[in-house]
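Have a look at the structure below, then the notes.
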Amino acid sequence: MKFAYAVTLNGTEILQECTYHTTELLEGGVKRLSFPRGHYDGGLIALELVCDLDGGVYRCALNLRNTGEKTVRLTRGDVGVSFDTRELELHYFHSDWGAEYTPRSHRVEREFSFGCVSGRSCKGFTPYVECHTGDGCYAMALGWSGNWTCTAFPWVESYCDIRPWTYCCVMGLSDGEFFHDILPGESFTTPAVYVSKAPDREEACLALRRYYRKRLSTMDEELFTPMPLEYNTWWPYEDKLIDENVYQANAEIAKKLGFRYAMMDAGWFGRETGDQTWFEKRGDWDMVNTERFPSGMKAMCDKAKGIGIEPGIWCEIEAVGRDAELNKTHEEIIAKRDGRSLGYVCFGSKAGREWAMETVDRILGEYGAKWIKFDFNLDPGFGCDRTDHEHSAGDGLYAHYMGYYQFLDEIRRKYPDVVVENCSSGGLRGDIEMMSHCTVGFLADPDHTEFHLQLFWGALSFLHQRCLLHFTWSDVMQNHNRGVGCPIQEDTPRHKLDYMVRAAMMGVPGFSYKLPELPGWALERIRELGEFYTEHSAAFILNGDAYRLTEQPISGGKGERFPVFQFTDAEKRGLVFAFRLTGAPEAQRVRLRGLEPMREYTVTWTDAGREERLTGAHLMEQGIDFDSLPEEGSEIVTVF
């Protein structure tokens, strides 16, 4: 594997495969490779690709420093790898609302590219790619939340040597409209690309998961030990049926079930009008809906804390609805393109960031919320081109995201005991960079179990399970969850409830139900499952390794129909979750991973009541069977 980059400076394309480099050993055992180069085309630019190696993962970014006397315009800045192979197949994910982490593949024979121009990193495709070659798998995740492109191509000529079996794959923020002017004496650093190479896909992805947990996760481990269960008001009530009494009634039951947080979603802000929904009022966060919440938001939070549960509040801090007063009172912070509003606050504007922090200070400081959910339900496209903000006409989207990262970091410094949740119409901005500034990330709006397993499998390609939040199969007022409004009824089989709840227990579990209307047996079972999660989550979910023992399940009856996931803790113990989907075969055998070969383990099927004593070598070479699950059933096996 060699590193490569593709840049365009003043209209001149530069494609560079890096060979010569300097090496440094940094603190913490990180090995740094630096690839310097100079370029002159109307301006002198020093280019240096820096790749830091830690735990089998390279973090690569290109720094461009203008050492000349003329401005240099950058319109492309992509980073990646080149490799010698006779064939290259890409595996990647298409992504849209309700279709996040839909797998795609492509065999590269000529230049091929895919990417995003919606302004949200995961609206179109996910900024992640696997390059499957003759000598293994290269897993690459781009750390960027806006527009981007991934390009792969055969590279038949380099340094005058004919090499017909060389391929290259690079990723970066180029989108056809972006430009950034590097002034004399100034520098620009491209978004980072994280690269892991291993003999197979799962080992390459495991290295990325471990790297995220070690280097990128912002989670306070003390706060998340044990990991929490969260209640959210949204799907069963939305903004139509929610009020302070409904919130309180659900929070009281959630506390009895062992939940630590109760989230108040949309519906709490803005004036109450007959024809407006939350969507049109976004931005008026200083206006509490006093008809629904006459006691105010501080009183709501205080009352929740009084019963022993931490309150949370949803806020779409960037968005500005059509009817929001903010459009009139703070016109100077509104993102615009060609003079027209884009419907969001430009965080490339210092005034925009200051306004946003004042809003957050009210929610977290004055009201006292301990969980804040940031949503983003719009496509900013190519971004703001106003020139009265702190950016140019060509890099407004870039400036917005750099400002938004700064804003998120400031929140975590100012309120270290608060959970910061990333959401964007579900999972449409869940890239590795965004997740390095937030505590947890929401996977998608639809949450029926088959789709959840598709999402969870896909997200484990580059993210650690500790940050993956999703609801169990919710009560909904709409028809997006297979048309099922209330998935838990008095006659729902217990095995199906277990199947729904256990799927979310592999990450951070959220629950969105009308809790006062759930059957008593279901509430008791949720409490029991929650106790199991609380007991084991710190060791296996927060700090453990995840292994996908099967291929990806796909919503709609496709893909793997009997998916199995394994989690291994620091003591090399295992926790195995199996799910039998509709249309699955009657039995599944999987070989476990990451155990001690010579150690004898007690293997217990918690539902089947079966127990065996087996060595780690046997479990990894011969595997274990699941053969007594009903369709839409599950099993947990402990390997202790």
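Worth saying up front: this structure is predicted, and the values here are computed from it rather than measured.
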Main-chain N/O of Phe347 paired to Arg353 side chain as donor or acceptor, under 3.5 Å: yes
Look at the rings of Trp144 and Tyr401 and say which category their plane angle falls in: under 30° parallel, 30 to 60° tilted, over 60° perpendicular. perpendicular
Are side-chain N/O atoms of Glu280 and Thr277 paired as donor and acceptor at under 3.5 Å? yes
Using 30° and 60° as the class limits, which term best fits the ring planes of Phe269 and Trp285: parallel, tilted or perpendicular? tilted
May I ask you to check whether Trp473 and Tyr513 place their ring centers less than 6.0 Å from one another? no
Electrostatic pair Arg76-Asp78, nearest N-O below 4.0 angstrom: yes
Are the side chain of Ser474 and the backbone N or O of Val476 linked by a donor-acceptor pair below 3.5 Å? no
Give, for atom OG of Ser425 and atom CZ of Arg120, the distance between the pair rounded to the nearest 0.5 Å. 3.5 Å
Would you tabulate the side-chain donor-acceptor contacts of residues 299-313 under 3.5 Å, counting partners in other chains and residues two or more places apart, or write 'none'?
| from | atom 1 | to | atom 2 | distance (Å) |
| --- | --- | --- | --- | --- |
| Asp302 | OD2 | Lys298 | NZ | 2.8 |
| Lys305 | NZ | Gly368 | O | 2.8 |

Over 12 foreign heavy atoms within 6.0 Å of CZ, Arg271: no
Just wondering, are more than 12 heavy atoms of other shown residues or ligands nearer than 6.0 Å to CZ in Arg413? yes
So Val246 and Thr233, side chain to side chain contact (heavy atoms under 4.5 Å, CB included) or not? Walk me through it. CA-CA 9 Å; Val246 169; Thr233 61; over 6 Å; no
If I take atom OH from residue Tyr128 and atom CZ from residue Phe462, how far apart are they, to the nearest 0.5 angstrom? 8.0 Å
Side chains of Leu463 and Ile432, heavy atoms from C-beta outward: is any pair under 4.5 Å? yes
Charged N-O contact under 4.0 Å between Asp286 and Arg362: no
Taking atom NE2 of His437 and atom CG of Asn422, what is their separation to the nearest 0.5 Å? 10.5 Å
Asp431 side chain to Met434 backbone, donor-acceptor under 3.5 Å: yes
Under 4.0 Å between a side-chain nitrogen and a carboxylate oxygen: does that hold for Arg282 and Asp375? no
